[in-house]
Structures are given as C-alpha cells and as structure tokens.
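Below: one structure, written as structure tokens.
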Amino acid sequence: MSEFLLEVKNLKKYFDTPKGKLHAVDDVSFSIKEGKTLGLVGESGCGKSTAGRVILRLLEATNGEIFYKGKNIRELKKNKMRELRKEMQIIFQDPFSSLDPRMTVSEIIEEPIKLNKIINDKEKRFERVLELMDLVGLSRRLMNTYPHELDGGRRQRIGIARALSLDTKFIVCDEPVSALDVSIQAQILNLMKELQQKLGLTYIFITHDLSVVNHFSDDIAVMYLGKLIEKAPAEELFSNPIHPYTKALLSAIPRPTLDRKVDKIILKGEITSPINPKDNCRFANRCNYVQDICKQTEPEFKEISPGHFSACHVFSDHLSGEFE
Ligand SMILES: Nc1ncnc2c1ncn2[C@@H]1O[C@H](COP(=O)(O)OP(=O)(O)OP(=O)(O)O)[C@@H](O)[C@H]1O
Ligand code: SF4
Ligand SMILES: [Mg+2]
C-alpha cells in the first residue's frame, strides 16, 4: 500500500477552443499523505480549479493518472466512482452560489445524506444534521433560516458541513476563504484545521494568496500556466524559494515580522498564452533572469534538496545534484 492517500502523475487537462488547445493543466505530478494539506497556489487562470476538479473526476482528464488509496480512479466505472465520491468532496469559494436559496440550513445539510441513502430513518438523519451543525460551529437555532439571511462565514460553515456529511476523507478546498473578510477568514481556517485534526482529513487547499496557506499547509505547490514550477514543505518554500516566480509571489506578501526588508518584485511583460504553448519556460516573457535556453527548452521539474522541487534552467539546474 502506498504511503500516500493521493498520487497524481503527469496529469493533463486540455480544453478545445476555437484558437486551439488550451493547456489548463499540463503534466502535473504530486502526492499527499493522509491527514496532510497541500497548498496549491498561483495567479488567476493558472489551472488550480481545473486541477482540483479533474482530480475529483468532476471533469475528465485528457491524460495522466490519479491514484487514490493506491487505485487509479480514472479507471473506475461510474458506480464505483459514485461510491468513492462519498470520501472525496469539494468546498467552493462562494458557498452562496452552490447553496439552494429555497432550502433551509438543515435541509441543505441533510440533502446529501438523504440522496446518498446514508441514513434512511428521518429522526436519525435529523440528529446527524444537528451533530454536523455543532461540528462546524453553526448554532442550532439557525436550522430553519435560509442562506441569504446569513453572513459569508456562516454560509461557508454550511458548505463545510455538507462536505462532511458523507464518509469524507479528502477535500479539495477551492479558495474557501477568498470571498470572506480577513477576521472571518481566520475563523474558517481555524475551523478547517480543527476538523482536519479531529477527523484525519486530507486537503488540497487552492488559493491565489500565498499568505493564506503559510501556516495551513504541510507542502506548497506553485502553479504557473498549467505547470507546477516549485513545490516544497511550507516553511522551506517561504525561507528558501528557488524559482523567480515564487520569489515574486512571496515578495508581494506584507511581512512585518521580517527584519530584512524584501522589495516587492514587479512582474513586467505579457503572460504567455495557454493556447498551444511552446516547449519553453512559460515564465520566460516575464522573468528578469531569462537566458536563451529558457526560450528554447522547457526546464525540468526536479528535486533540488529532499522534498524541494523546482523547474528553472538558471536557479534549479546549478543547485540540483548537491544533496546526493
Ligand atoms: N470549460 C472550459 N473551457 C475552456 N477553457 C477553460 C474551461 N475552464 C477553464 N478554462 C481555462 O483554463 C485555464 C485555467 O482555469 P482555472 O479556472 O482552472 O484557473 P484558476 O487557477 O482556478 O483561476 P482563478 O484563480 O481565477 O480561479 C484558464 O485559461 C481558463 O480560461
Ligand atoms: S527557466 Fe529561465 S525564464 Fe524560466 S524562470 Fe528560470 S530563469 Fe526565468
Ligand atoms: Mg479557480
């Protein structure tokens, strides 16, 4: 049995567009141990949500393998996949759009339990709904209210309760706090951390904001135009970033605790199109360190020190091999 709950190998998702193939996720590989969090970061349009949806098979991959508990789930038939969905869930950025406005809080949380025939007895099902409301810190007096009567934090708690209502082990959290006020963000992040410890959950935590995943993730993977460009344990990524794009992302975070002043790196140049991209470094147009080789060949995503991977001709190539 693999030591990983999830292993993604050479995952690709291309969309057909009138202008050609859009490489939303392009040869991405990573793995996550049970009970751990992988933060998946990168700017808008880099393919984070597509990767999350493809892993859950809400979208079919173009190519690659997705191993969950050692089984390639891309080979599973519909009914087996339906069974597995009880373990694999998603939480969205805007819970409002995913919550039926005509249903009350308790009906919304009850729905997946009813549809999946987890608990058939009505009273017992109601007990479970109350238990879930307690678990996510939603007061029981809110059970007959409607989503529009609640604030964003409480709505996200409903989204989390729904995601936990089945036999949940793994959750793709797609920007779950991005739409919330900063003070509420912290409450929801704390709740998610608590639930992870209590229930042994495994998360992929998607965000465009590196500062959100700093204390939350075990590992952080940085995406750029469909590619993973760096991945490392969270602390290592923050203290020793290798890739120029990661450095630029980090420089944009205000960090008052650091005595060393980090100048914000402003990225210039046009973003490369994800449609029919060339086999070169996709960051080359915006990189301050670009060399001829960067425009000709794609840098390999390789391990530079134990657990620290990066794809850069200039900064990874001369470092790799040192720890062997
Ligand atoms: N159904 C689709 N058809 C065509 N292109 C798509 C489709 N879904 C996503 N894309 C494209 O795939 C790329 C990746 O999109 P995706 O939504 O995964 O990015 P993201 O990193 O989640 O961005 P954001 O931070 O804005 O949510 C984008 O160029 C997007 O336009
Ligand atoms: S491979 Fe070249 S262009 Fe790409 S990030 Fe590294 S230095 Fe910059
Ligand atoms: Mg997204």
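Remember, it's 1-based here, ligands and their atoms both numbered in the order they're listed.
Polar contact with ligand 1: present for Lys48 (N/O pair, distance under 3.5 Å). Remark: ligand 1 and Gly47 share an N or O pair separated by less than 3.5 Å (distance only, no angle test).
Using a cutoff of 4.0 Å between basic side-chain nitrogens and carboxylate oxygens, Glu3 and Lys33 are scored as salt-bridged. Ion pair Glu111/Arg162 flagged as a salt bridge, since at least one NZ, NE, NH1 or NH2 atom sits closer than 4.0 Å to an Asp/Glu carboxylate oxygen. Using a 4.0 Å cut-off between charged nitrogen and carboxylate oxygen, Arg282 and Asp26 count as a salt-bridge pair. A salt bridge is defined here as a Lys NZ or Arg NE, NH1 or NH2 lying under 4.0 Å from an Asp or Glu carboxylate O, and Asp134 with Arg140 meets this definition. At a threshold of 4.0 Å, the pair Glu83-Lys80 does not count as salt-bridged, since none of the basic side-chain nitrogens sits closer than that to a carboxylate oxygen.
Every atom of ligand 2 is numbered from 1 in the order shown, and the set under 4.0 Å from a heavy atom of His243 is 5 (S). Distances below 4.0 Å separate heavy atoms of Ser44 from the following atoms of ligand 1: 23 (O), 24 (P), 25 (O), 26 (O). Close approach to Val314 involves these atoms of ligand 2, each under 4.0 Å from a residue heavy atom: 7 (S). For ligand 2 and Pro244, the ligand atoms under 4.0 Å from any heavy atom of the residue are 5 (S). Distances below 4.0 Å separate heavy atoms of Cys287 from the following atoms of ligand 2: 3 (S), 5 (S), 7 (S), 8 (Fe).
Annotation for Lys86: atom NZ counts as buried by contact number, over 12 foreign heavy atoms lying within 6.0 Å.
Scanning the protein heavy atoms around atom 1 (S) of ligand 2, the nearest turns out to be His313 N, 3.2 Å. Distance from atom 6 (Fe) of ligand 2 to its nearest protein heavy atom, with residue and atom name: Cys312 SG, 2.3 Å. Atom 23 (O) of ligand 1 has as its closest protein heavy atom Gly45 N, 2.7 Å. The nearest heavy-atom contact from the protein to atom 27 (O) of ligand 1 is Ser49 OG, 3.9 Å. Looking from atom 5 (N) of ligand 1 to the surrounding protein, the closest heavy atom is Phe15 CD1, 3.4 Å. Counting only heavy atoms of the protein, atom 2 (Fe) of ligand 2 lies nearest to Cys294 SG, 2.3 Å. In terms of protein heavy atoms, atom 18 (O) of ligand 1 is closest to Thr50 OG1, 2.5 Å. Nearest non-hydrogen protein atom to atom 11 (C) of ligand 1 is Leu22 CD2, 3.6 Å.
Geometrically, Lys247 engages Phe315 in a cation-pi contact defined by less than 6.0 Å to the ring centre and at most 45° from the axis.
A perpendicular orientation is assigned to the rings of Tyr245 and His243, their planes being inclined by more than 60° (bins at 30° and 60°).
Between His308 and the options Glu236, Lys231, Lys302, a side chain to side chain donor-acceptor pair (under 3.5 Å) holds for only Glu236. For the pairing with Ile204, the side chain to side chain contact (heavy atoms under 4.5 Å, CB included) check across Leu6, Leu56, Ile171 returns one residue only, Leu6.
The shell of residues lying under 4.0 angstrom from ligand 2, judged by heavy atoms, includes Tyr289. Not a single heavy atom of Gly42 sits less than 4.0 Å from an atom of ligand 1.
Between the side chains of Arg286 and Tyr224, at least one donor N or O lies within less than 3.5 Å of an accepting N or O.
Because the distance cut-off is set at 2.8 Å, Cys281 fails to qualify as a neighbour of atom 6 (Fe) of ligand 2, as none of its N, O or S atoms comes that close.
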